[in-house]
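Below is one structure, written out as structure tokens; the observations come after it.
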Amino acid sequence: AITKICETAGKEYTIESTLDKMEKDWTDKFLTTAAYRETGTFILKGSNEVSQMLDDQLMTTQSMSFSIYKKAFEARIQKWEQTLRLVSDTLDE
């Protein structure tokens with residue numbers, strides 16, 4: 001019984017620390033815009049790194065949502081996935 005409890009706690013800790021790390025990864029990321037010639041429109045600069053991190057984190061978040069150990073973090077996982085999807089949709093636009 002103790003082994004099972006420890007295993008569950010370990011898996012839950014992994015989920016929690018992964019979520020914390022993903023959120024922290026975004027604290028120093030910025031998207032900048034630059035005027036595109038004389039067209040009056042703007043383009044994003046330096047979005048390749050952000051796009052790659054976004055894709056990686058979306059995949060990680062989706063795998064966490066299928067984990068049997070997600071119960072304690074289910075709302076947080078869903079909220080984080082919605083946030084990532086909003087960023088993705090914004091970048092696509």
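- Atom NZ of Lys71 is separated from atom OG1 of Thr8 by 14.0 Å, given to the nearest 0.5 angstrom.
- No donor-acceptor contact under 3.5 angstrom links the side chains of Gln52 and Asn48, judged on distance only.
- The backbone N or O of Leu84 sits nowhere less than 3.5 Å from a side-chain atom of Ser88 that would complete a donor-acceptor pair.
- Placement of Leu44 and Phe42 in two distinct hydrophobic clusters is found when ILVMFWY residues are connected by side-chain heavy-atom separations under 4.5 Å, directly or transitively.
- Using a 4.5 Å heavy-atom cutoff, the side chains of Leu31 and Leu91 are in contact.
- Side chain of Thr14 to main chain of Gly10: a donor-acceptor pair is present (N/O by atom type, distance under 3.5 Å, no hydrogens or angles).
- Side-chain contact between Trp26 and Thr83: absent, with no pair of heavy atoms (C-beta onward) separated by less than 4.5 Å.
- Remark: Glu81 engages Arg85 in a salt bridge, criterion side-chain N to carboxylate O under 4.0 Å.
- Closest non-hydrogen pair, Lys70 versus Ile77, comes out as CB-CD1, 3.9 Å.
- Shortest non-hydrogen contact noted between Glu12 and Phe73 is O-CE1, 3.3 Å.
- In terms of heavy-atom proximity, Thr61 sits nearest to Trp80 at OG1-CD1, 3.4 Å.
- We find that Glu23 and Arg76 are joined by a salt bridge, their nearest charged nitrogen and carboxylate oxygen being less than 4.0 Å apart.
- For Lys29, the NZ atom counts as densely surrounded, since its 6.0 Å shell holds more than 12 non-hydrogen atoms of other residues, nucleotides or ligands.
- Across all their heavy atoms, Thr41 and Thr39 have their closest contact at OG1-OG1, 2.7 Å.
- Asp25 has its side chain within reach of Lys21: a pair of non-hydrogen atoms, C-beta onward, lies under 4.5 Å apart.
- A heavy-atom distance below 4.5 Å is not found between the side chains of Val87 and Met53.
- At least one side-chain heavy atom of Met22 sits under 4.5 Å from a side-chain heavy atom of Met64.
- We find the CG-NZ distance between Leu19 and Lys79 to be 12.0 Å, quoted to the nearest 0.5 Å.
- A donor-acceptor contact shorter than 3.5 Å is absent between the side chain of Ser67 and the backbone of Ser63.
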